Amino acid sequence: MNKNSLLSMKDLSAQDINDILNDALLFDDRYHDWQLPVKKALIANLFFEASTRTHYSFVSAEKQLGCMSVDIATELSSIIKGETLYDTIRMLESAEYDAVVIRHTQPAYWKQLEGVGIPVINGGDGANDHPTQCLLDLMTMKQEFGAIEGLNVLICGDILHSRVASSNKAALELLGADVSFAGPEMWKREGFRHVDFDEAIPEADVVMMLRIQRERGASTGEMSGNEYLQTYGLTKERAARMKKGAIIMHPAPFNRNVEIDGDLVECERSRIYKQMHNGVAVRKAVIKRAFGFKPFEV
Ligand code: ASP
């Protein structure tokens with residue numbers, strides 16, 4: 001596997017994460033118009049699962065960096081004729097693509113890609129990992145609080161099926177944050193520290209809400225959206241109990257009035273659209289790294 005690939009947050013050291021975050025912060029500030037100093041950077045985006053934010057912020061980052069960005073229509077590719085993911089990526093490599101971004105339903109799909117020479121950037125793999133989402137979450141926290149170490153981060157919702165929960169757990173613990181999880185009993189995840197949502201809210205610096213991952217089989221059964229909101233979601237009453245300076249996050253897409261009261265999405269505490277904005281800078285930093293460029297000197 002190409003060493004400049006980004007597959008899982010669990011592969012990154014604290015130094016690697018900080019280097020990417022510093023580059024992303026500089027992209028957002030000083031180096032907004034910086035472009036990759038290469039003659040050709042042809043990037044293929046392969047999304048085997050629905051995506052708006054990840055997909056199109058990758059496209060935005062690629063184009064702003066001066067790359068040639070190609071969306072592969074995965075439903076029209078030879079995968080439907082039985083070609084394997086490995087053979088598909090080897091084909092793109094043979095046709096002179098320089099990097100690929102892949103989102104796939106299968107956890108750790110990249111294990112099939114040993115032998116591929118070009119960098120692979122993971123845009124999300126099943127319930128396993130979502131490194132660029134996690135990095136943009138960390139960037140948002142860093143902008144807000146200056147440092148990740150010592151932050152109290154409370155993540156609530158469908159923990160079991162969420163790759164965002166899994167990536168954030170790994171990175172936040174590595175960086176010294178205190179991370180805990182809340183939500184329905186049936187979506188608890190082994191090895192994750194679960195707490196009572198109502199008790200934990202006043203202590204949290206960050207309350208991150210997660211969507212119910214229906215595409216991975218999650219269901220609330222008979223429970224209506226409003227019942228879910230009242231029992232497990234972020235209502236206005238719960239948000240009012242958050243401490244001064246605490247922020248609301250959500251990787252989106254959000255379902256208004258299910259996991260979060262619709263009015264909170266754009267409230268003063270919410271950083272949800274800021275997260276989306278940060279997604280471009282983070283993806284620029286990850287692409288720059290994929291092409292072998294060292295972190296910017298600060
Ligand atoms: N967009 C995030 C993901 O792809 C979160 C979500 O879909 O709920 O995992």
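In each ligand, atom 1 is the first atom listed, and ligand 1 is the first ligand listed. Just so you know, these numbers come straight off a predicted model, no measurement behind them.
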Numbered atoms and elements of ligand 1 in range of R103, under 4.0 angstrom, heavy atoms: 4 (O)

Sub-4.0 Å heavy-atom approach of S51 to ligand 1: no

SB check D158 R216 (cutoff 4.0 Å): no

Atom NZ of K63 with >12 non-hydrogen neighbours under 6.0 angstrom: no

Heavy-atom gap E49 to ligand 1 smaller than 4.0 Å: no

Least distance between heavy atoms, R103 atom then A50 atom: NH1-O, 2.8 Å

H130 touching ligand 1 at heavy-atom level, < 4.0 angstrom: yes

Side-chain (K40) to main-chain (E96) donor-acceptor, under 3.5 angstrom: yes

Side chain to side chain contact (heavy atoms under 4.5 Å, CB included) against Q15, all qualifying residues, sequence neighbours excluded: S13, D19

Per-atom contacts of ligand 1 with R211, taking only distances under 4.0 Å to non-hydrogen atoms: 6 (C), 7 (O), 8 (O)

Any residue meeting ring-ring contact (aromatic ring centres under 6.0 Å, His included) with Y228, in chain and number order, not counting sequence neighbours: Y232

Side chain, backbone, both or neither: V164 near ligand 1, heavy atoms under 4.0 Å: side chain

Heavy atom of A252, distance to ligand 1 below 4.0 Å: yes

Structural part of H161 in contact with ligand 1, heavy atom criterion under 4.0 angstrom: neither

Of the listed options E215, R163, Q213, closest to atom 9 (O) of ligand 1 (non-hydrogen atoms): R163

Test log, rule ring pair (Phe, Tyr, Trp, His ring centres under 6.0 Å), inputs F48 and Y109: CA-CA 11 Å; F48 294 92; Y109 63 80; 8.3 Å; no

